[in-house]
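Heads up: the structure comes next, in structure tokens.
In what follows, chains are A, B, ... by sequence order, proteins preceding strands, each numbered from 1. Not measured: the values here are computed from a predicted model.
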2 protein chains.
Amino acid sequence: MSDVAKAAGVSAATVSRALRGEPGVSEATRQHVSDVARRMKYAIARDASSLAGGRRYAIAVLTSTVSPLLAGAEGALRQAGYDVLLYVLGDSTSRQRFFDENPLGRRVDGVLLLSMNLTEAESAGLAELAVPTIAIDDNDLRDSVRVAAEHLIALGHRDIALVLADGVDESYDEILVQAGLDVPPEWTVWCSPTVDGGEQVVEVLLDGPRMPTAVISSSGAAAVGIFLRVQRDGRSVPEDVSIVSLDGQEITRVVGLTAVEGAFREQGEHAVADLLTLIRGGEVTPADQPLRLIVRNSTTRVR
Amino acid sequence: MSDVAKAAGVSAATVSRALRGEPGVSEATRQHVSDVARRMKYAIARDASSLAGGRRYAIAVLTSTVSPLLAGAEGALRQAGYDVLLYVLGDSTSRQRFFDENPLGRRVDGVLLLSMNLTEAESAGLAELAVPTIAIDDNDLRDSVRVAAEHLIALGHRDIALVLADGVDESYDEILVQAGLDVPPEWTVWCSPTVDGGEQVVEVLLDGPRMPTAVISSSGAAAVGIFLRVQRDGRSVPEDVSIVSLDGQEITRVVGLTAVEGAFREQGEHAVADLLTLIRGGEVTPADQPLRLIVRNSTTRVR
DNA sequence: CTGTTAGCGCTTTCAG
DNA sequence: CTGAAAGCGCTAACAG
């Protein structure tokens, strides 16, 4: 930086202010400094900036799974000039360890949570960081459940099971109850968000006294597993069991599953934009993202 | 750190040495300092360490796509105490920008490349960083192509097309040529590593004077696209066209495609281990990972 | 084996 | 609006 300062004929402090867009620099000086810096291919050393109490130029992204959403968020953050510190907190071990150690202190300018569904204690831990945080998670899932349920209810279904991916901490059966359905507790089940997980969960669902006529799965891969397993068991989809995925992964499209899209995907960039606004000291109002119900071949009128 | 030093009754330098496992500290002192540090929940400030010329405690992970491999690598790096700086360099725009700007200078202790297939120029750029680099990419793909080709040749196929994902810079038809096959250039084609990409590429392949009897696809999703499109065109798989995927994504399993597994997946952790060895100044010899051919329903004897 | 002394490259008062 | 000086929390070179 002092080289740039020398080349531009100003002090390092002025270079610092100019490059960061701090007020108190004449427009002419700022322009000149910027030009020189660009010419010299100079970039602020983030470590030093951070150490001196300035910005850290880094955002922590905590995600429960590596999804396309992550790619979207990464791109948006990168473009805004932030480093992406990735934490994949899929299983409860790594997750617990993270929140025990709380390793983010004084290291990031903000936190982006992707489908993390924090508990109160976890939220409190992050709050100690005193940096802006944006979460994309269960509120969206909540709406998705509602959209899926409405679709199924319109088709006459009354017996609907809910398959939630590990890491989804809350239950959502109250949404179904609100819709006037009777929801036995054994119809809310958790499984790993994989095809295998979906296959396994079908066994549990078949064990109960009653069989649901429809299943809503938060995970696209699990929905596929359910689809495969139900068929292998000699039942047909959608005639015997309708399936709705709440995640529009490509795999659901290939298999032809009805899905609610929009909850996870497109929100990455939107969330990043909000986060950056917060970091700059602005305010954000949560704008509702439209959810799209894509009806394919895995749902039909109950018989 | 000076607080810890005071509490432990030593100097900051000794704390630094003790905590980093540097030689020149008595085992008793190291133990004592460690205890005090743990009790005070002290952790080295990475920024300051980095600025002072020490380790940076960060590894850049460059990946062309967010895959399960990424999750594996992240976990292994995290466990070793490194931050993961994520760069998703999927499209050529972001990729080019990255290598133009070379933003990693003096910021990471190592680089992990996941399916990046660097060009010479790109490799040279990274080499300037002067930090250990490990790549998981085309060498593995090369072996995969060979395994797939051997399988198809054993089934009597002589007309084999190669579909490579964007970002795969090299062609691999010489592997087929070595196997004694005649490989017209129009049978090596590139497409985006998505179902859509695979569907589109089928059109190109059908345009030529001759139709291949088998297709090898580096991308699992594209393989599925090829599978779907070929069938939609009224041809059957595998009777008219055999398909082998070189990527054992879950989706290929669901659709029932023959695949060569092991090239991309399990190598994440292995690569991280190698990288850490390099960082510590050790040597690594590339150990061959076994590739597994999983024969499913998309390949059969040529008729 | 341990302590002391200089910075690393910034940002931030505080003066001018 | 700009500059000088102090210091962020560490590591490294040098003494002892």
Inter-axis angle, terminal five-pair segments of the helix from C:dC1-D:dG16 to C:dG16-D:dC1 [nearest 10°]: 30°

A:Glu283 backbone acceptor or donor facing A:Thr277 side chain under 3.5 Å: no

Main-chain N/O of A:Ser218 paired with A:Asp247 side-chain donor or acceptor, under 3.5 Å: no

Counterpart residues, salt bridge (charged side-chain N to carboxylate O under 4.0 Å, His left out), relative to A:Arg55 (two or more places apart): none

Nearest-0.5 Å distance that lies between atom CG in A:Asp100 and atom CD in A:Glu122: 10.0 Å

Separation of B:Arg106 CZ from B:Ser50 OG (nearest 0.5 Å): 6.5 Å

Interface with DNA chain C, restricted to residues 6-31 of chain A and to heavy atoms under 4.0 Å: A:Ala13, A:Ser16, A:Arg17, A:Arg20

DNA chain D: 5'-most and 3'-most nucleotides touching chain A, 4.0 angstrom heavy-atom criterion: D:dC1 to D:dG9

Passing option when B:Leu62 is tested against B:Leu86, B:Val111, B:Thr133 for side chain to side chain contact (heavy atoms under 4.5 Å, CB included): B:Val111

Just distance, no hydrogens or angles: give the donor-acceptor pairs under 3.5 Å from side chains in residues 36-43 of chain A, sequence neighbours left out.
{"residue": "A:Arg38", "atom": "NH2", "partner": "A:Asp35", "partner atom": "OD1", "Å": "3.1"}

Span of DNA chain C, from the first to the last nucleotide whose atoms fall under 4.0 Å of chain B heavy atoms: C:dC1 to C:dG9

Close approaches to DNA chain D from residues 41-56 of chain A, in residue order (heavy atom, under 4.0 Å): A:Leu51, A:Ala52

Residues forming a salt bridge (charged side-chain N to carboxylate O under 4.0 Å, His left out) with A:Glu27, sequence neighbours excluded: A:Arg30

Set of side chain to side chain contact (heavy atoms under 4.5 Å, CB included) partners for B:Ala76, sequence neighbours left out: B:Glu269, B:Val272

With B:Thr29 via side chain to side chain contact (heavy atoms under 4.5 Å, CB included) - residues at least two apart: B:Val10, B:Thr14, B:Val25, B:Ser26, B:Val33

Where at least one partner belongs to residues 77-87 of chain B, residue pairs that pass salt bridge (charged side-chain N to carboxylate O under 4.0 Å, His left out), sequence neighbours excluded: A:Arg107-B:Asp83, B:Arg46-B:Asp83, B:Glu74-B:Arg78, B:Arg78-B:Asp83

Listed partners of B:Tyr87 passing ring-ring contact (aromatic ring centres under 6.0 Å, His included), at least two apart: B:Phe98

Steps toward side-chain contact (heavy atoms from CB on, under 4.5 Å) verdict (A:Ser16, A:Met1): CA-CA 8 Å; A:Ser16 175; A:Met1 181 180 269; 3.8 Å; yes

Check: B:Val284 main-chain N/O paired with B:Asp274 side-chain donor or acceptor under 3.5 Å: no

Close side-chain approach of B:Leu118 to B:Phe99, heavy-atom, < 4.5 Å: yes

